[in-house]
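To start, the structure itself, in structure tokens.
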Amino acid sequence: MENLWNADLNEKLHILADAAKYDVACTSSGVNRKNGKQGTGNTLSCGICHSFAADGRCISLLKILLTNDCCYDCVYCVNRKTNDVPRATFTPEEVCTLTMGFYRRNYIEGLFLSSAVYRNPSYTMELIYETVRRLREIYGFRGYIHVKAIPGADAELIEKTGFLVDRMSCNLELPTSEGLRKLAPNKPRAQLVKPMRQIQNGIFRSKQEVAVYRHAPRFVPAGQSTQMIVGATGESDYQIMSVSEALYDKFQMKRVFYSAYVGINEDSRLPSVRTAPPLLREHRLYQADWLLRFYGFKAAELLSERHPNFNILLDPKCDWAVRHLEYFPVEVMTADYYSLLRVPGLGVNSAKRICRSRRFGRLQFDDLKKMGVVLKRAMYFITCQGKTYMPIKMQESFITTNLLGLKEHLPSDVVRSGETYRQLNLFDDFHLSAPVEETDRYQVLTGQI
């Protein structure tokens, strides 16, 4: 379809804001950018304000594409060049006009600017650079800016852009090289990883320079992030979490975002468009991601080749705990900080409070509750001065059944999708593909198991 270069600005905004809704890699700023007497706006490390889109996803910025006119034909993408969809392209000046107009009305506190690959990667990256240059230098905009680094673009353009923005991201798109070869042949894995490495090295050099010269320009001060599509290809949760762990370890990513695949294009290489987006799976991946980043877990602890996918009925931390009862119960008066972190119902803050408070006296279960410990989960895995909260059988089946009865609160988008819990059946098996043996079935019915 023809590119609407001369279309009304409102019409372009409608097309390109709607096209950006599939990109979930936006987050709070995590950076301080002070304002002088001549600038407009500022960015605080406490984060920018958040709002929510109609599909329930968190948005905190004016989130648009520079263009949805793409030269690539990625199978899963709504903007693939063979799709018959309305096309439009903003000029750099139009993006500046929209950003400043929305900011002055207090609708936004920053800009998330992504783009399809228009003509070629370097041409697209040059348009993005010119947009943020005008915002910073002509309009004096000091608010948060997050842009996409276009894989394959000239490295000098990415570097110049990095000194003007707060965060950059380069989407990994799909978890494995095989998936990319199948669905996005124009995006080889090496091409996607190259700008990630450049941004990582640029951040490291910038920190060294700032340590010596306090007023040296800062390169991507809020760090970089990436995004993976979940459900378009057949990777297991174990593969996805292993990739995420490698990204955090090798590229010092601030965030890895997971986007449940939304069926848009009918293609034999993709799930049917009638398949519901795997929102609950996305939710479990985010929970596991949190465990990797803040709780000291490794992907190989949460999952394995024998157990490659998360239990949809239990959150990853509870699922790990009930499968590793040999580590429990944990005595809250003597356990180290990292052992406490592994207890379901204990978070980072409550574990720190326990470690601080127990130096001054003996803790009771009522004290733990006041510290934010969720006892209805934690009581199966802790003792307080050698005592349990109530008589408990340290058996996987007993604890699992009771945890399922708590009816975990799910995000609203998962609830709306119609995915709900069901009570655990004794014959269900979430960790093995082999069928239940008749002898086991008989022993269950006769009370021998």
Side-chain angles (χ1 to χ4, degrees), residues 237-238 241 280 283-284 287-288 290-291 295-336 338-347 350-351 354 363-366 368-369 372-410 420-449:
D237 294 340
Y238 179 48
M241 295 314 301
L280 184 53
H283 179 56
R284 294 293 182 228
Q287 290 176 316
W290 207 260
L291 297 180
Y295 287 76
F297 280 89
K298 298 293 184 182
E301 292 180 277
L302 297 171
L303 298 168
S304 64
E305 294 291 347
R306 291 188 59 195
H307 175 53
N309 294 305
F310 289 117
N311 185 337
I312 62 169
L313 300 180
L314 289 174
D315 71 79
K317 194 176 181 184
C318 284
D319 185 42
W320 176 85
V322 297
R323 290 187 289 109
H324 294 84
L325 293 178
E326 65 272 18
Y327 297 119
F328 302 104
V330 167
E331 171 54 53
V332 296
M333 289 299 298
T334 57
D336 63 83
Y338 291 100
S339 296
L340 291 173
L341 278 183
R342 297 193 168 219
V343 176
L346 268 72
S350 55
I354 290 172
L363 299 178
Q364 306 291 338
F365 283 104
D366 286 343
L368 299 181
K369 194 170 185 180
V373 176
V374 183
L375 281 180
K376 62 183 180 181
R377 291 179 183 275
M379 65 180 181
Y380 304 102
F381 307 100
I382 60 173
T383 58
C384 197
Q385 300 184 56
K387 299 177 182 178
T388 59
Y389 186 72
M390 58 178 287
I392 292 171
K393 298 178 183 177
M394 291 304 291
Q395 298 175 353
E396 181 175 346
S397 58
F398 172 81
I399 296 174
T400 301
T401 302
N402 281 277
L403 288 174
L404 288 171
L406 299 177
K407 297 183 178 178
E408 176 191 3
H409 176 71
L410 292 173
T420 57
Y421 286 123
R422 58 189 174 85
Q423 184 65 37
L424 180 68
N425 188 302
L426 288 172
F427 303 127
D428 284 339
D429 195 325
F430 301 102
H431 311 309
L432 298 172
S433 57
V436 178
E437 297 291 339
E438 284 301 320
T439 54
D440 292 336
R441 193 181 298 271
Y442 174 78
Q443 289 178 328
V444 168
L445 294 174
T446 58
Q448 299 176 48
I449 291 182

Inset, instruction - Would you confirm whether T401, through its side chain, and S397, through its main-chain N or O, come within 3.5 Å as a donor-acceptor pair? - result: yes

Legend entry - Interatomic spacing from CE in M390 to CG in N402 - rounded to 0.5 Å: 7.0 Å

Legend entry - Considering all heavy atoms, the nearest Y295-L346 contact: CE2-O, 3.7 Å

Legend entry - Inter-residue atom distance R323.CZ - S304.OG, 0.5 Å rounding: 7.0 Å

Inset, instruction - Would you sort out whether R342 and D336 count as a salt bridge (charged side-chain N to carboxylate O under 4.0 Å, His left out), showing the intermediate values? - result: CA-CA 11 Å; R342 297 193 168 219; D336 63 83; over 6 Å; no

Inset, instruction - Could you pull out the closest heavy-atom pair between T383 and F365, with the gap in Å? - result: C-CZ, 4.5 Å

Inset, instruction - Check whether any side-chain heavy atom of L325 sits under 4.5 Å from a side-chain heavy atom of F381, and report yes or no. - result: yes

Legend entry - Verdict with supporting geometry, T388 and Y380, side-chain contact (heavy atoms from CB on, under 4.5 Å): CA-CA 8 Å; T388 59; Y380 304 102; over 6 Å; no

Inset, instruction - To the nearest 0.5 angstrom, please state how far the NE2 atom of H324 sits from the CD atom of E396. - result: 10.0 Å

Inset, instruction - Rounded to the nearest 0.5 Å, what's the gap from CE on M379 to NZ on K369? Could you check? - result: 10.5 Å

Inset, instruction - Spell out, as yes or no, whether a donor-acceptor pair under 3.5 Å connects the side chain of Q385 to the backbone of M333. - result: no

Legend entry - Where G372 and S350 come nearest, the two heavy atoms and their spacing: C-CB, 4.2 Å

Legend entry - Taking every non-hydrogen atom, the tightest pair across N311 and L313: OD1-N, 2.9 Å

Legend entry - W320-Y327 aromatic ring centre distance below 6.0 Å: yes

Legend entry - Electrostatic pair D319-R284, nearest N-O below 4.0 angstrom: no

Inset, instruction - Find out whether I382 and L375 are in side-chain contact, i.e. whether some heavy atom of one side chain is under 4.5 Å from a heavy atom of the other. - result: yes

Legend entry - Between SG on residue C384 and CG on residue L363, distance to nearest 0.5 Å: 6.0 Å

Inset, instruction - Return yes if some donor-acceptor pair links the side-chain N/O of Q287 with the main-chain N/O of K317 below 3.5 Å, else return no. - result: no

Inset, instruction - Indicate yes or no for a side-chain donor-acceptor contact from D237 to the backbone of P308 under 3.5 Å, with no hydrogens or angles considered. - result: no

Legend entry - Pair V332-V373, side-chain contact (heavy atoms from CB on, under 4.5 Å): steps then yes or no: CA-CA 11 Å; V332 296; V373 176; over 6 Å; no

Inset, instruction - Check side-chain contact (heavy atoms from CB on, under 4.5 Å) between A351 and all other residues, then give those that pass, not counting sequence neighbours. - result: Y337, L340, L341

Inset, instruction - Return the minimal non-hydrogen interatomic distance between F310 and L302, and the atom names on each side. - result: CE2-CB, 4.2 Å

Inset, instruction - Find out whether I399 and K393 are in side-chain contact, i.e. whether some heavy atom of one side chain is under 4.5 Å from a heavy atom of the other. - result: no

Legend entry - Minimum heavy-atom distance between H307 and N309, given as atom pair plus value: CE1-O, 3.3 Å

Inset, instruction - Quick one: list whatever passes side-chain contact (heavy atoms from CB on, under 4.5 Å) with K298, sequence neighbours left out. - result: E245, E301

